[in-house]
Amino acid sequence: MPNFYLKTYGCQMNVYDSERMVHLLKPLQFTQTEKLKEADLILFNSCTVREKAKQKLLSDLGRLKSFKEKNKKLIIGMGGCVAQEEGDRLLKRIPHLDLVFGVDQVDQLPELIGRIQETKSRLAVTAFDTDPKFSLSYVRKDFSPVSAFITIIKGCDKFCSFCIVPFTRGREKSRPPREILQEIELGVEKGTREVTLLGQNVNSYAHEGYTFPKLLRLIAQVPHLKRIRFTSPHPQDFCDDMIACYEELPNLCKHLHLPVQSGNNRILKAMRRWYTIEHTQERIEKLRSKVPNVALSTDIIVGFPGETHEEFEDTLKLLRDIRYDSIYSFKYSPRVGTLAYEFSEELSEEEKNERLQRLQSLQDEISLEMNQKLVGQTYEVLVEKKSLGLAHAVTLQGRTDTNKLVHFKGDASLIGKFTRVRLTSAMPHSFLGDENLGN
Ligand code: SAH
Ligand code: SF4
Ligand code: F3S
């Protein structure tokens, strides 16, 4: 039986698309392997959000040349955002690459592979789908993770000046609520207990009168669905109705990831992020007043072109003022085709590194202080897997409703289940805990 190897780069939307690829390859009688050497089909699902991500992918791909020389039947394919960005240029650039398929060609993967096998040709197919509707007939058949990703909206119409995503993912299109609900219900029947709704702007969701809050209310009614998460909402569209959902829906997790990008209004404007710091702070204050223990996280870019020392200090101030539980932080990376690529005042790599380091060490302090306050409390944890890197016996890891990562000793049979864990010590990015069998 032929084997396929699939590696996923980038965001959760790629993870979701990769799951669909695995599902679609089943009828072709391919078996998935973790070993590159054993593969007859190698697929990379790529990301180009920052230059580093793209370079990593291209160097991984470069190393496959010798595999191709050893196994003449080997097919190498690339999907995802680098594929979408580069199209057939990749075939010219990488002679051992057989297939380039875009983000809207995932469903065609079996057919494309069949064509390559038959005709021995190389293919690049990356046109965006022009259908105004967005429908995915994907149903998890024999794969229902306890925590599942579900794409509800694709594309992005925001065109932030630094971001390549609108070019690689095309225009925004929302999936019909009925289809989303059906996918969730089928998953829950087979054991899914947590879903993360995905989109570049989930709160832009719009389908025949359904807004994102309305969709959340619908999903929240699915019996036995214990947790609902979503990523990412946009601060501009984070309306009162969203806050009401946090108050109303017991299975909506008490965590909000709201990417702010910068703490300075001039930079936000230059980024084409059409909200102000004051607006974001007001939204967060309102949410915190209604849902007191809600955990908050965000994305920050440091070293946007022309960012002065003072403007960077404003971002540090924002972190001190809001006190996020955690952040994802990035050095600005110029992307060809974006508006900011044309901005001239690019900061030096050293300056960006220094800013990133200062930002991260400030946030580590804040995260540790926030986490220390929770020590001694008991939380319901959804156990994800065995955790690596800790010395003692069998250690498991799971997450609280507030998205805190907890390591604790426990029986492997708990994986995929909920259990109560008392937090015993705090680190900036995780906790140690004890399974609290008494409660
Ligand atoms: N749609 C989401 C973000 C998707 S990309 C939103 O609007 O918040 C994920 C994160 O990558 C972004 O939030 C941003 O912080 C970062 N990012 C995107 N483009 C980048 C670039 N050119 N350089 C550095 N970071 C970038
Ligand atoms: Fe990129 Fe902005 Fe769209 Fe997010 S909202 S995907 S940062 S363009
Ligand atoms: Fe990367 Fe594309 Fe996601 S660029 S972050 S894989 S949308």
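Just so we're clear, the structure is a prediction, and the values are computed from it rather than from any experiment. Atoms within each ligand, like the ligands themselves, are counted from 1 in listed order.
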**Prompt:** Do N265 and E278 meet the criterion of a side-chain donor-acceptor pair at a distance under 3.5 Å?
**Reply:** yes
**Asked** Of all the non-hydrogen atoms in the protein, which one sits nearest to atom 22 (N) of ligand 1, and at what distance?
**Response** S333 O, 2.7 Å
**Asked** Counting only N and O atoms by type, is there a donor-acceptor contact under 3.5 Å from the side chain of T192 to the main-chain atoms of E194?
**Response** no
**Asked** Which ligand 1 atoms does R50 reach within 4.0 Å, using its non-hydrogen atoms?
**Response** 11 (O), 16 (C), 17 (N), 23 (N), 24 (C), 25 (N), 26 (C)
**Asked** Do the rings of Y246 and F238 sit parallel, tilted or perpendicular, given the 30° and 60° boundaries?
**Response** tilted
**Request:** Give a yes-or-no answer on whether the side chains of E285 and Q281 include a donor-acceptor pair shorter than 3.5 Å.
**Result:** no
**Message:** Can a side-chain donor-acceptor contact be found between R335 and T48 if the only test is distance below 3.5 angstrom?
**Reply:** yes
**Message:** For Y332, does the six-membered ring have the charged nitrogen or CZ of K352 within the cation-pi criterion, i.e. under 6.0 angstrom from the centroid and within 45° of the normal?
**Reply:** no
**Item:** Any donor-acceptor N/O pair, S262 side chain to L268 backbone, under 3.5 Å
**Value:** no
**Complete:** The closest protein heavy-atom partner of atom 18 (C) of ligand 1 is V49 CG2, 3.5 Å
**Asked** Strictly by modelled atom types, are S18 and N45 linked by a side-chain donor-acceptor pair under 3.5 Å?
**Response** yes
**Complete:** Checked atom 3 (Fe) of ligand 3: protein N, O or S atoms closer than 2.8 Å come out as C11 SG
**Prompt:** Can you tell which of T298, L258, D299 gets a heavy atom nearest to atom 9 (C) of ligand 1?
**Reply:** D299
**Request:** Look at ligand 1 and say whether K331 reaches it with a heavy atom at a distance under 4.0 Å.
**Result:** yes
**Asked** Given side chains that start at C-beta, do those of F149 and R229 come closer than 4.5 Å, heavy atoms only?
**Response** no
**Prompt:** Which protein N, O or S atoms sit under 2.8 Å from atom 1 (Fe) of ligand 2?
**Reply:** C163 SG
**Request:** Please assess D325 against T402 for the test side-chain contact (heavy atoms from CB on, under 4.5 Å), listing each intermediate value before the final yes or no.
**Result:** CA-CA 9 Å; D325 291 76; T402 48; over 6 Å; no
**Fill in**
The single option from F230, Y324, Y328 that satisfies ring-ring contact (aromatic ring centres under 6.0 Å, His included) with H257 is Y328
**Close-contact set for ligand 1 against Y332 heavy atoms, below 4.0 Å** = 23 (N), 24 (C)
**Prompt:** For ligand 2, which atoms have a heavy atom of N201 less than 4.0 angstrom away?
**Reply:** 5 (S)
**Message:** Enumerate the side-chain hydrogen bond (donor to acceptor under 3.5 Å, both in side chains) contacts for residues 205-215, please, sequence neighbours excluded, ordered by first and then second residue.
**Reply:** none
**Prompt:** Backbone N or O of L225 within a donor-acceptor pair of the N251 side chain at under 3.5 Å?
**Reply:** yes
**Request:** Around atom 3 (C) of ligand 1, find the nearest protein heavy atom and jot down its residue, atom name and distance.
**Result:** Q200 OE1, 4.0 Å
**Asked** Do F162 and ligand 1 have an N or O pair less than 3.5 Å apart?
**Response** yes
**Complete:** Sorted by chain and residue number, the ring pair (Phe, Tyr, Trp, His ring centres under 6.0 Å) partners of F330 (sequence neighbours excluded) come out as none
**Prompt:** Does R227 reach the main-chain N or O of L252 with its side chain, forming a donor-acceptor pair under 3.5 Å?
**Reply:** no
**Request:** For atom 7 (O) of ligand 1, state which one of M13, R335, R273 supplies the nearest heavy atom.
**Result:** R273
**Request:** Could you tell me if any non-hydrogen atom of V165 lies under 4.0 Å from any atom of ligand 1?
**Result:** no
**Asked** Which of the atoms in ligand 1, numbered in the order shown and given with their element, are less than 4.0 Å from a heavy-atom of Q261?
**Response** 8 (O), 12 (C), 13 (O), 14 (C), 15 (O)
**Asked** Will you find, in the side chains of S297 and H255, an N or O donor that is under 3.5 Å from an N or O acceptor?
**Response** yes
**Request:** Do me a favour and list the nearest non-hydrogen protein atom to atom 4 (Fe) of ligand 2 with residue, atom name and distance?
**Result:** R273 NH1, 4.1 Å
